[in-house]
2 protein chains.
Amino acid sequence: MVEDGYAAVTTRRLASEVGVNSTLVYYYFETMDELFLELFRRGAQRSLERQVEVLSSPKPLRGLWDLTHDLTSTTLTNEFIALANHRKVIRSEIAEYSKKFRRMQLDRLTSVLEGYGVDADEWPASAVILLMASASRFMLIEEAFDVDIGHAETVALIERLISRYETDSR
Amino acid sequence: MVEDGYAAVTTRRLASEVGVNSTLVYYYFETMDELFLELFRRGAQRSLERQVEVLSSPKPLRGLWDLTHDLTSTTLTNEFIALANHRKVIRSEIAEYSKKFRRMQLDRLTSVLEGYGVDADEWPASAVILLMASASRFMLIEEAFDVDIGHAETVALIERLISRYETDSR
DNA sequence: GTCTATACCGAGATAGAC
DNA sequence: GTCTATCTCGGTATAGAC
């Protein structure tokens, strides 16, 4: 799915990569939709656990930023979004998880930013979170196309802002 | 392509929507890859022209921001990105156009921001452009899933920053 | 230009033997 | 659990009549 797009994930291809018969897929999954759903849930659950971890760490802002830098999970997310465009059952599942992720981030970062003395009227936590997530996702997509104009500057800008509140130990 | 994803764009479907025979597609296009390429080029060219327009206007920052808010072209772009994952010929075409777009934006906004008195060390034009584009694209994707946590705050934040330099006349 | 006929492939899915 | 055999559908693509 990451390498060749969601359309490349077929019963035959799956089976041949594992070295079994293609119909065996239907012994483990009702339909291909179910397979995609389980795949999504598994990845989302893992990401959720990692997010709980970094949000409760002493540097939640930096942790969140690092987390959104995971190439594989971002590529996968993009494929699921594209998949959701013509597999409607996937759509609601993604929506629910997205909201869950965002609410957790918001819950934690609202108080964290307040503690850092950030003016919530000018830089609301919800906007800060969204800007970080979107920049990260956007750059990873572009990298896959060897487009990297402004990437270094953007990363530097964001990390400079983070370092203002959470010292860089890397 | 926008409504049901790129996988729904097939010879049979195209033909049936227009009311002609499916094989007629091959009279106008060598292969389906060619069709997708021409579709992409046409849309990209149109967007490029609109960008030239707003960049040479008196409010290039706001113009660019408004431009990235076009739902259809963003959805389409996302589909092309997903398509590029398993149609390799599409990939280089997208990459070239992306760079072209970005270079034009950078050329213009570097001097514009300098004229506004923005500190280029703290807020480089390349990063400002990327943050705007990514936030806009990200929100439009989420909207399709009815996820809008933090959207209003982010839009307000960005428009507030723009208004600092280009007065809002809307 | 637009059609019919047709080839070929690979997708999802089921029945049933082992 | 894993397989073979098989169905149906719809995809890309070509040859050739009109």
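Per chain, numbering begins at 1; letters A, B, ... match sequence-line order.
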Fill in: 5′-ward residue of the pair A/Thr10/A/Thr23 relative to DNA chain C
A/Thr10

Worksheet item: Relative to the ring of A/Tyr116, is the ring of A/Tyr165 parallel (under 30°), tilted (30 to 60°) or perpendicular (over 60°)?
Response: parallel

Worksheet item: What is the distance from CG of B/Leu35 to P of D/dG11, rounded to the nearest Å?
Response: 14 Å

Worksheet, complete the sentence: On DNA chain D, more 5' by nearest nucleotide between A/Ser22 and A/Arg12 is A/Ser22

Discussion item. Check this for me: does any side-chain nitrogen of one of A/Asp146 and B/Lys99 sit under 4.0 Å from a carboxylate oxygen of the other?
Written reply: no

Worksheet item: Which class fits the ring pair B/Trp65 and B/His69: parallel under 30°, tilted 30 to 60°, perpendicular over 60°?
Response: perpendicular

Practice prompt. Take the protein atom OH of B/Tyr27 and the nucleotide atom P of D/dA15, then report the distance between them rounded to whole Å.
Written response: 16 Å

Worksheet entry | Pair A/Arg164 + B/Glu122, salt bridge at N-O below 4.0 Å | yes

Fill in: Between D/dT12 (C1') and B/Leu14 (CG): distance, integer Å
12 Å

Worksheet entry | Ring geometry between B/Phe40 and B/Tyr97 (parallel below 30°, tilted from 30 to 60°, perpendicular above 60°) | perpendicular

Worksheet item: Taking any atom under 4.0 angstrom from a heavy atom of chain A, which nucleotides of DNA chain C are the first and last to qualify, 5' to 3'?
Response: C/dG10 to C/dT14

Worksheet item: Checking A/Arg91 against B/Phe145: charged group under 6.0 Å from the ring centre and within 45 degrees of the axis?
Response: yes

Worksheet item: For A/Thr11 and B/Asn21, take the nucleotide of DNA chain C holding the closest heavy atom to each; which residue's nucleotide lies nearer the 5' end?
Response: B/Asn21

Worksheet item: Tell me: OH of B/Tyr26 to P of D/dG11, nearest whole Å?
Response: 10 Å

Discussion item. Classify B/Tyr28 by what it touches in the nucleic acid, base, sugar-phosphate, or nothing, heavy-atom distance under 4.0 Å.
Written reply: sugar-phosphate

